[in-house]
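Accompanying notes for the structure given below.
In what follows, chains carry the letters A, B, and so on, assigned in the order in which the sequence lines appear, proteins first and then strands, with residues in each chain numbered from 1. All values below come from the heavy atoms of this structure, side chains included, with hydrogens, waters and symmetry mates left out.
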Amino acid sequence: MELLRQACWLLWKDVRLELRRRESLMSMFFFGALLLFLFQFSFEIRQDRVAEMTPGLLWLAFVFTGMLALTQLFQPERENFCLEALLLTPFDRAALFVSKVIFNLILMLLVELVVFPLFAILFNLQYWGLLPSLFAVTFLGTLGFCVLGTLFSAVTLKARARELLLPLVLFPLLIPVVLATIRCLEIILRSGAWSEAYPWLRLLIAFDVIFMTAGYLIFEWVVEA
Amino acid sequence: MELLRQACWLLWKDVRLELRRRESLMSMFFFGALLLFLFQFSFEIRQDRVAEMTPGLLWLAFVFTGMLALTQLFQPERENFCLEALLLTPFDRAALFVSKVIFNLILMLLVELVVFPLFAILFNLQYWGLLPSLFAVTFLGTLGFCVLGTLFSAVTLKARARELLLPLVLFPLLIPVVLATIRCLEIILRSGAWSEAYPWLRLLIAFDVIFMTAGYLIFEWVVEA
Amino acid sequence: MRQLSKAFGSQWALRDVSFDLRAGECVALLGQNGAGKTTLLKLLSALMRPTSGAIELARPAVGYLVPGAHLYEHLTVGENLRLFLALHNNKKTPAEVEKALSRASLTGAQDWLVSALSAGMKCRLLIAKWLLVEPGLLLLDEPYGPLDGAGVDLLESFVSELTRAQTAVIIATHQIPRALALCSRALVLTRGRLVFDGPRDDAAANLDRLGESLLPRGEAWSY
Amino acid sequence: MRQLSKAFGSQWALRDVSFDLRAGECVALLGQNGAGKTTLLKLLSALMRPTSGAIELARPAVGYLVPGAHLYEHLTVGENLRLFLALHNNKKTPAEVEKALSRASLTGAQDWLVSALSAGMKCRLLIAKWLLVEPGLLLLDEPYGPLDGAGVDLLESFVSELTRAQTAVIIATHQIPRALALCSRALVLTRGRLVFDGPRDDAAANLDRLGESLLPRGEAWSY
Amino acid sequence: MSSARRGSTILGALALVFILVGQYWGLVKAPPDAYQGDSQRIMYLHVPSILTAYLSFFIVFVGSCLYLWKREPRDDILAYAAAEIGVLFTALTIVEGAIWGKPTWGVWWTWDARLTLTAILLLIFVAYLMLRALIEEEQRAAVSGAILGIIGFLDIPLIHMSVYWWRTLHQPPSILQPDKPPWENVHPSMLVALAINFVAFILLYFYLLSQRIRLGEKQAELRRRRLYGRR
Ligand code: HEM
Ligand SMILES: Nc1ncnc2c1ncn2[C@@H]1O[C@H](COP(=O)(O)OP(=O)(O)OP(=O)(O)O)[C@@H](O)[C@H]1O
Ligand SMILES: Nc1ncnc2c1ncn2[C@@H]1O[C@H](COP(=O)(O)OP(=O)(O)OP(=O)(O)O)[C@@H](O)[C@H]1O
Ligand SMILES: [Mg+2]
Ligand SMILES: [Mg+2]
């Protein structure tokens with residue numbers, strides 16, 4: 001697959017840029033810890049309320065990380081006309097989209113991987129058994145977030161006025177993704193029953209598929225001259 | 001005052017750039033709105049708990065959107081060696097600090113101005129009468145946030161993994177601001193009594209004063225070669 | 001190239017420019033500051049869309065060299081080359097890469113960050129990159145600027161190699177004597193219009209008439 | 001300038017460079033790619049700290065001109081000038097600003113965004129900026145690159161004006177004939193060391209010996 | 001140079017002796033706590049560790065100030081070294097506390113003011129190390145570190161105040177109060193054990209610090225050698 005090969009190279013480049021040393025990963029870990037501290041200071045999270053608040057808090061952490069990552073996502077391409085350098089090569093434009101989505105996803109998943117257990121320890125939650133399902137749902141939500149976010153971030157790369165409309169369309173689309181994920185998490189945490197979560201889950205998957213396809217198709221137009 | 005004159009020019013420049021591109025404001029508004037929706041869907045905020053949860057939620061939303069602005073605060077200076085161009089002029093380095101603090105403050109206050117009423121509407125709150133005091137406290141907190149945030153946004157200008165590093169460095173240092181602001185807001189919402197909030201308020205003011213002074217004195221080292 | 005025009009806002013940067021390029025031809029693109037040289041090259045490289053007109057390319061691979069741009073500053077020299085070669089679907093061996101770098105006097109700089117290179121070294125690196133990619137049409141935008149004597153030699157031998165390999169080359173520059181010595185044909189732009197298109201000797205003879213400020217006062221421009 | 005040295009990591013970019021500058025002197029700074037010219041200028045402009053050695057300046061205002069850099073792309077020409085003049089504590093009137101712009105052939109470009117300027121126009125804008133600021137020491141890093149003939153004339157008249165006003169000027173360039181014609185003194189760097197410091201005629205006579213690759217093969221470098 | 005090395009070695013040896021004696025005293029000679037039993041013995045490590053961590057923060061501050069003022073690489077090495085060892089001791093305190101907390105309180109962690117403060121301390125130290133690691137250019141990294149060292153130190157009293165108020169003004173103090181040991185009826189040998197361990201930790205701290213400084217100096221020396229050649 002030509003597309004995948006190119007996407008891998010682009011991904012390799014981003015990863016290279018990010019981790020010349022392993023400290024970036026460490027910073028991820030402490031970042032997760034920090035967010036939980038912040039929550040603790042903002043709301044008294046009492047034991048009896050934790051289960052109820054968990055999905056919201058977790059997603060707050062993830063969305064925040066995601067947004068921060070998005071502002072910097074295309075920074076390497078902004079500098080020194082590197083986007084032009086990429087466009088001069090005959091690569092499939094969608095490969096850039098795929099690689100940035102994956103890069104963003106990796107970053108967020110790493111934070112999530114840290115935050116989940118930390119959350120459990122610090123707030124004394126007993127959801128170890130549910131962890132796989134929680135993670136699966138979160139993954140779907142994160143994917144949707146990354147896809148939309150990458151598109152959004154690519155659009156702001158260009159300052160042309162007419163394209164400022166696109167974020168206006170894109171951004172509200174994030175809300176259903178986040179909503180569906182939170183509801184799913186809530187249901188799983190409350191009852192552990194997948195069956196109840198199905199409608200939300202289907203919605204989530206549908207969103208992911210639609211946005212990925214749309215992004216894949218639209219991206220060439222977004223970055224092209 | 002030479003310093004103020006220079007700071008005004010630098011501020012004028014930032015405002016000009018922002019008006020032309022609207023990059024920071026747009027992403028901040030979107031993110032702020034997204035956070036509100038997130039809160040709305042994930043925490044059932046009942047009337048009896050409002051006083052307790054509102055300050056945390058609001059302030060968290062501000063801090064997070066503020067973080068977003070901070071990662072982009074020095075973007076214009078990063079491009080095209082403009083920071084060097086500034087350093088070539090014999091201006092007082094502290095003027096850059098002052099101007100960026102004020103600019104960041106303006107951005108955040110604008111966002112707060114929108115988020116406050118939106119929040120009130122979304123959650124059916126009746127705190128219109130308290131609005132001035134709430135705003136005064138929030139202003140003090142926001143100022144503290146902007147002061148340290150600007151300082152470390154400049155410090156981490158050349159760091160890798162910047163979007164994670166900045167909050168990592170900043171948040172632990174901001175804990176007094178976060179705690180003090182939230183407590184003040186809570187006290188005001190609960191009882192409307194200033195007297196109870198005094199110790200916190202004093203702490204907040206002390207924080208603002210100490211770090212404005214420290215930042216002012218130290219900033220020269222931050223940007224120099 | 002047919003009737004190429006480009007407007008920015010309400011202003012024409014390029015007005016009805018038409019010309020043909022033969023394979024293996026080397027063309028000097030001359031013109032005052034703001035005449036539209038860079039705009040023309042960007043249109044040719046498809047980094048910009050023409051407001052009107054169309055471009056037809058026989059071999060679609062277009063190389064565009066702007067000194068100092070188009071490199072990831074925080075990747076090393078080797079990483080930059082590997083990335084771009086991979087995206088160009090170019091299967092050069094490491095030995096060939098090493099050879100191109102040594103031609104550009106960058107041996108041993110493989111593991112340097114690009115941000116640690118001097119201006120001339122970055123330009124040499126870009127030359128090495130296009131040397132490896134072998135594009136069908138190469139556009140050079142003021143390539144002489146940061147190069148020292150040896151660098152100019154490298155650039156010119158690189159260009160003549162390419163033209164021998166049937167690549168068309170366009171050089172936009174203000175170093176008129178050097179460019180005319182190297183190229184067989186010249187295009188002159190003035191305020192967005194193509195005012196001259198012909199063999200270099202005609203250009204050299206008519207230069208004063210074509211653009212008043214192409215040469216500094218009193219410059220002898222023998223080649 | 002005393003014993004100036006600068007190291008990057010474990011590598012010297014500049015090694016024990018010492019020289020004095022008199023007011024009103026014009027110095028050509030020559031050297032191969034990577035010789036350390038840019039590094040030296042950055043040290044002089046205090047944008048970099050020397051690893052060892054010290055710089056003493058009689059008049060502290062240092063101007064540093066690098067074509068294409070040091071401008072806010074998303075501000076207009078006028079806004080850029082106003083900002084930098086204000087920060088330089090320079091109280092030029094709008095009429096004077098207008099005059100400097102018209103000297104740089106940028107009349108009417110006041111309200112253009114800098115990102116809409118061509119490379120040469122940006123360079124002219126920088127010249128206009130330093131023309132207005134009148135620094136005590138001006139450093140030029142490869143200023144000829146993007147300038148057309150008229151631009152070179154502008155630059156050179158600007159430089160001679162400054163030297164007449166007792167400003168010292170250092171020009172780092174690969175356009176050796178032009179630089180030597182303009183300057184009274186030359187410095188030659190080779191791999192970070194100052195190998196020549198003397199009047200331009202000595203430099204011109206010894207150029208082949210000083211750096212093998214300063215000039216392209218067979219270039220006649222009369223001035 | 002070599003006398004400094006000898007001093008450092010003596011420091012290390014002394015620290016070792018004191019640690020051994022202190023451990024003997026703490027683990028064997030001091031009686032078990034009346035309420036907590038043997039688990040209380042971890043206090044003999046716990047309290048000295050946090051003390052050295054505080055000391056560390058102060059040294060980072062001093063080193064940072066000196067560096068910004070004089071620009072001597074020596075001061076930067078000092079600050080960096082102190083920060084690294086500070087992380088070690090702060091982390092140690094938390095781990096010991098957690099180990100202690102499990103049997104006494106039944107949880108590893110609780111949001112008590114003192115615990116929170118220690119954790120924030122750790123986060124600041126860690127941020128310091130991250131900041132330095134993620135900035136490529138050496139001088140930049142040193143200056144950035146110095147700034148964080150100073151600001152962080154100035155911030156400590158404010159953080160301290162806010163965290164304590166957070167726990168006291170806001171809600172009744174938690175049932176768990178690690179800071180109120182029954183001093184009235186402490187056995188004297190408990191105090192002796194604590195004192196010996198204090199000395200031991202301080203000695204250990206300075207030993208580690210001197211070693212870490214030596215390491216930093218060696219690295220600087222190595223860089224210099226690469227530049228100037230062997231001399
Ligand atoms: C993660 C858990 C813990 C942390 C981070 C922690 C941190 C600290 C700190 C910072 C101090 C020094 C405070 C000062 O002198 O002002 C301290 C002292 C002390 N801690 Fe802990 N601690 C933890 C758990 C515990 C536990 C579980 C106990 C025992 C039940 C305990 C008992 C003590 C005692 C007895 C002192 C010294 C006496 C005093 O200053 O009043 N700590 N701890
Ligand atoms: N992005 C843009 N927006 C608006 N106008 C532009 C833009 N880019 C170029 N122009 C205008 O188009 C004209 C041609 O610019 P171009 O960069 O092609 O000139 P050039 O021949 O390359 O000049 P130089 O020799 O100085 O590099 C100029 O008048 C310039 O102001
Ligand atoms: N930031 C940096 N980090 C590491 N090495 C650097 C850095 N900047 C420059 N160098 C190295 O220092 C040496 C001198 O570079 P400098 O840019 O001063 O050369 P120059 O004389 O300006 O060359 P040119 O004519 O190509 O512009 C080069 O070997 C370069 O690789
Ligand atoms: Mg051009
Ligand atoms: Mg240079």
Side-chain angles (χ1 to χ4, degrees), chain B residues 52 55 144 147-149 151-152 154-184 186-187 190 196-211 213-215 217-225, chain E residues 57 61 64-65 67-71 76 83 90 111 113 116-171:
Chain B
E52 202 177 319
V147 168
L148 270 195
L151 189 64
F152 282 99
V155 166
T156 54
L157 213 50
K158 296 229 175 103
R160 278 171 293 121
R162 185 161 179 267
E163 70 273 14
L164 293 186
L165 181 62
L166 183 58
L168 193 63
V169 171
L170 203 49
F171 279 156
L173 299 176
L174 283 176
I175 282 172
V177 176
V178 172
L179 283 180
T181 316
I182 291 178
R183 286 298 156 256
C184 274
E186 200 187 61
I187 291 169
R190 186 151 37 78
E196 232 184 298
Y198 266 143
W200 289 111
L201 216 55
R202 267 209 302 272
L203 182 73
L204 208 49
I205 293 173
F207 187 96
D208 288 355
V209 171
I210 290 176
F211 288 112
T213 320
L217 294 176
I218 226 170
F219 198 72
E220 184 170 339
W221 283 292
V222 175
V223 289
E224 70 165 25
Chain E
F57 216 107
F61 174 67
S64 300
C65 286
Y67 179 73
L68 280 192
W69 182 25
K70 296 255 177 74
R71 285 310 181 106
D76 178 55
T90 320
W111 291 99
T116 311
L117 190 61
T118 313
I120 295 170
L121 209 59
L122 180 69
L123 282 175
I124 295 180
F125 271 132
V126 166
Y128 179 94
L129 297 187
M130 290 292 168
L131 181 66
R132 300 202 56 147
L134 290 171
I135 295 180
E136 224 104 353
E137 215 180 308
E138 253 166 70
Q139 272 186 357
R140 266 259 68 98
V143 172
S144 306
I147 287 163
L148 181 53
I150 293 171
I151 298 282
F153 184 79
L154 292 180
D155 210 3
I156 289 290
L158 296 172
I159 298 179
H160 185 274
M161 250 189 283
S162 61
V163 169
Y164 270 75
W165 289 352
W166 174 53
R167 275 304 148 188
T168 47
L169 289 186
H170 171 58
Q171 61 171 45

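- Using a cut-off of 4.0 Å between Lys/Arg side-chain N and Asp/Glu carboxylate O, B/Arg160 and E/Glu136 are scored as salt-bridged.
- Top candidate by heavy-atom pairs under 4.5 Å with chain B, chosen from E/Ser162, E/Ala141, E/Ala127, is E/Ser162.
- Judged by distance alone, the side chains of E/Arg132 and E/Tyr128 do bring a donor and an acceptor atom under 3.5 Å apart.
- Between E/Ala142 and E/Tyr67 the shortest heavy-atom distance is CB-OH, 3.6 Å.
- Looking only at heavy-atom pairs under 4.5 Å with chain B, the residue among E/Leu131, E/Ile124, E/Leu148, E/Ile151 that has the most is E/Ile151.
- In terms of heavy-atom pairs under 4.5 Å with chain B, the best-connected choice from E/Leu123, E/Ile150, E/Val126, E/Ile159 is E/Ile159.
- Nearest approach of E/Val163 to B/Ile175, heavy atoms of both residues: CG2-CG2, 4.4 Å.
- With hydrogens and angles disregarded, no donor-acceptor distance shorter than 3.5 Å links the side chain of B/Arg202 to the backbone of B/Ala197.
- Residue contact with chain E, scored on non-hydrogen atoms closer than 4.5 Å, involves the side chain of B/Ile210 exclusively.
- At a 4.5 Å heavy-atom cutoff, B/Ile182 makes no contact with chain E through either its backbone or its side chain.
- With a 4.5 Å cut-off on non-hydrogen atoms, B/Phe211 touches chain E through its side chain but not through its backbone.
- Heavy atoms of E/Ile156 lying under 4.5 Å from chain B are absent altogether.
- Classification of the B/Trp200-E/Trp165 ring pair by plane angle, with boundaries at 30° and 60°, yields perpendicular.
- The most heavy-atom pairs under 4.5 Å with chain E, out of B/Leu165, B/Thr156, B/Leu148, come from B/Leu165.
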